[in-house]
Protein chains: 2
Amino acid sequence: MENITEMLKGVLEGCVLEIISRGETYGYEITQQLRELGFTDVVEGTVYTITMRLEKNNLVDIEKKPSTMGPPRKFYTLNAAGQKQLEIFWEKWDFVSSKINELKTKIKVK
Amino acid sequence: MENITEMLKGVLEGCVLEIISRGETYGYEITQQLRELGFTDVVEGTVYTITMRLEKNNLVDIEKKPSTMGPPRKFYTLNAAGQKQLEIFWEKWDFVSSKINELKTKIKVK
DNA sequence: TGGAGCTATTTAGTAATCCTATATACTAGT
DNA sequence: ACTAGTATATAGGATTACTAAATAGCTCCA
């Protein structure tokens with residue numbers, strides 16, 4: 001799927017929160033998981049801006065650990081504020097997506 | 001629902017295309033329809049920037065008509081390119097929303 | 001006649017988010 | 001050494017929605 005960039009705005013951060021909520025993970029791995037999900041064009045830089053934002057907003061706890069595969073990894077876990085933010089994200093998603101699907105499926109009188 | 005601004009990015013234009021596709025309409029009416037849909041905080045300015053963009057990208061035909069309720073209205077209809085764009089929008093929406101719902105409902109092993 | 005309120009369009013400036021492109025660095029294999 | 005894969009970081013750009021204000025036509029009523 002091409003050019004879904006604009007549609008990802010506002011949901012990508014939520015996706016990252018969800019991925020982190022499933023267990024300690026780090027930026028590079030998050031990127032790979034988003035690509036596996038189907039968002040194949042998401043690159044590291046994008047994910048790092050998001051994780052930096054999560055750090056800045058105190059939604060995650062951080063632990064740096066060495067890796068045998070390369071440089072050290074920065075592992076993230078959601079803290080209480082992050083969990084709350086994730087809940088709010090899904091509420092917003094349910095609201096917005098239901099409204100849009102309503103618009104999509106509404107019978108066209110024409 | 002509060003603060004869904006960022007989540008609307010990339011989908012609001014598609015919603016406007018869909019509304020226009022149902023029959024000739026104008027900016028102010030489109031705004032009202034979006035508010036009725038549930039996007040209560042959408043204001044005229046936002047919709048006008050979208051309709052201006054649709055004009056610029058040659059996705060709509062325009063006809064100005066007088067109104068008994070106020071100043072003249074600028075009525076929009078989708079042209080062939082607009083119809084095509086609308087189709088593409090729904091394809092993207094189906095793709096993105098299905099992937100996000102997949103992420104949401106995936107069993108959490110943890 | 002003058003003001004309020006609803007209808008209606010437009011635009012300048014701002015904020016937020018994701019992407020592009022690049023730099024840096026560790027490890028392993030050839 | 002060199003390449004490739006792993007891994008983090010950041011500066012600058014593009015797009016999009018919001019804020020706020022200006023302009024204007026119409027109806028109603030004091």
Side-chain angles (χ1 to χ4, degrees), chain A residues 1-17 24-35 39-57 59-60 62-76 85 89 92 96 100, chain B residues 1-17 24-35 39-57 59-60 62-76 85 89 92 96 100:
Chain A
M1 182 64 51
E2 288 169 17
N3 227 28
I4 55 173
T5 292
E6 289 307 325
M7 214 175 266
L8 289 180
K9 283 189 183 176
V11 298
L12 210 48
E13 179 178 314
C15 292
V16 171
L17 283 170
E24 204 180 46
T25 185
Y26 55 98
Y28 189 80
E29 193 179 49
I30 293 168
T31 308
Q32 290 175 312
Q33 288 191 39
L34 286 170
R35 284 163 168 273
F39 302 150
T40 52
D41 294 338
V42 172
V43 293
E44 286 86 349
T46 300
V47 173
Y48 287 108
T49 57
I50 293 172
T51 54
M52 291 297 159
R53 198 158 66 230
L54 298 180
E55 284 185 36
K56 203 186 90 190
N57 296 335
L59 301 174
V60 286
I62 308 168
E63 201 180 345
K64 208 154 194 172
K65 297 182 186 178
S67 165
T68 56
M69 303 290 288
R73 298 165 174 166
K74 256 175 88 175
F75 282 86
Y76 295 101
Q85 188 76 6
F89 166 72
K92 283 188 195 174
V96 170
I100 291 175
Chain B
M1 181 67 49
E2 287 167 17
N3 226 29
I4 55 173
T5 291
E6 288 308 326
M7 212 173 268
L8 289 181
K9 282 191 182 172
V11 297
L12 209 48
E13 179 179 313
C15 292
V16 171
L17 283 170
E24 205 181 43
T25 185
Y26 54 99
Y28 190 80
E29 194 180 50
I30 293 168
T31 309
Q32 290 175 311
Q33 287 191 39
L34 287 169
R35 283 164 169 272
F39 301 151
T40 53
D41 294 338
V42 171
V43 293
E44 286 85 349
T46 300
V47 173
Y48 287 107
T49 55
I50 292 172
T51 53
M52 289 297 160
R53 198 158 67 231
L54 298 180
E55 284 184 37
K56 204 186 92 190
N57 296 334
L59 301 175
V60 287
I62 307 169
E63 200 181 345
K64 209 154 193 173
K65 296 183 188 177
S67 166
T68 57
M69 303 289 288
R73 300 164 173 166
K74 255 175 89 177
F75 283 87
Y76 295 101
Q85 188 77 5
F89 166 72
K92 284 186 192 175
V96 170
I100 291 176

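Numbers restart at 1 for each chain; the letters A, B, ... are given by sequence-line order, proteins then strands.
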Checklist entry - Which nucleotides of nucleotides 23-28 of chain D have their base under 4.0 Å from a protein heavy atom (B), which only their sugar-phosphate (S), and which neither (-), written as one string 5' to 3'? => result -BBS--
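- When distances are taken from the side chain of Met52(A) to each of dT8(D), dA9(D), dT15(D), the shortest belongs to dA9(D).
- Taking side-chain N and O atoms only, Tyr48(A) has no distance below 4.0 Å to OP1 or OP2 of dA9(D).
- When DNA chain C is scanned in the 5' to 3' direction for atoms under 4.0 Å from non-hydrogen atoms of chain B, the outermost contacting nucleotides are dT7(C) to dT17(C).
- With contacts defined as side-chain heavy-atom distances shorter than 4.5 Å, the pair Val47(A)/Gln32(A) does not qualify.
- Using a 4.0 Å heavy-atom cutoff across all strands shown, Glu29(A) reaches no nucleic acid atom at all.
- Sequence order on DNA chain C of the closest nucleotides to Gln32(B) and Lys9(A) puts Gln32(B) first from the 5' end.
- Each of dA7(D), dT8(D), dA17(D) was ranked by its minimum atom distance to the side chain of Thr5(B); first place goes to dA17(D).
- In the displayed structure, Lys65(A) atom NZ is contacted under 6.0 Å by more than 12 heavy atoms of other residues, nucleotides or ligands.
- How far CG of Leu54(B) is from CD of Gln85(B): 8.5 Å, rounded to the nearest 0.5 Å.
- Ile62(B) has its side chain within reach of Tyr76(B): a pair of non-hydrogen atoms, C-beta onward, lies under 4.5 Å apart.
- Close to dT8(D), at under 4.0 Å from its OP1 or OP2, lies no side-chain N or O of Arg73(A).
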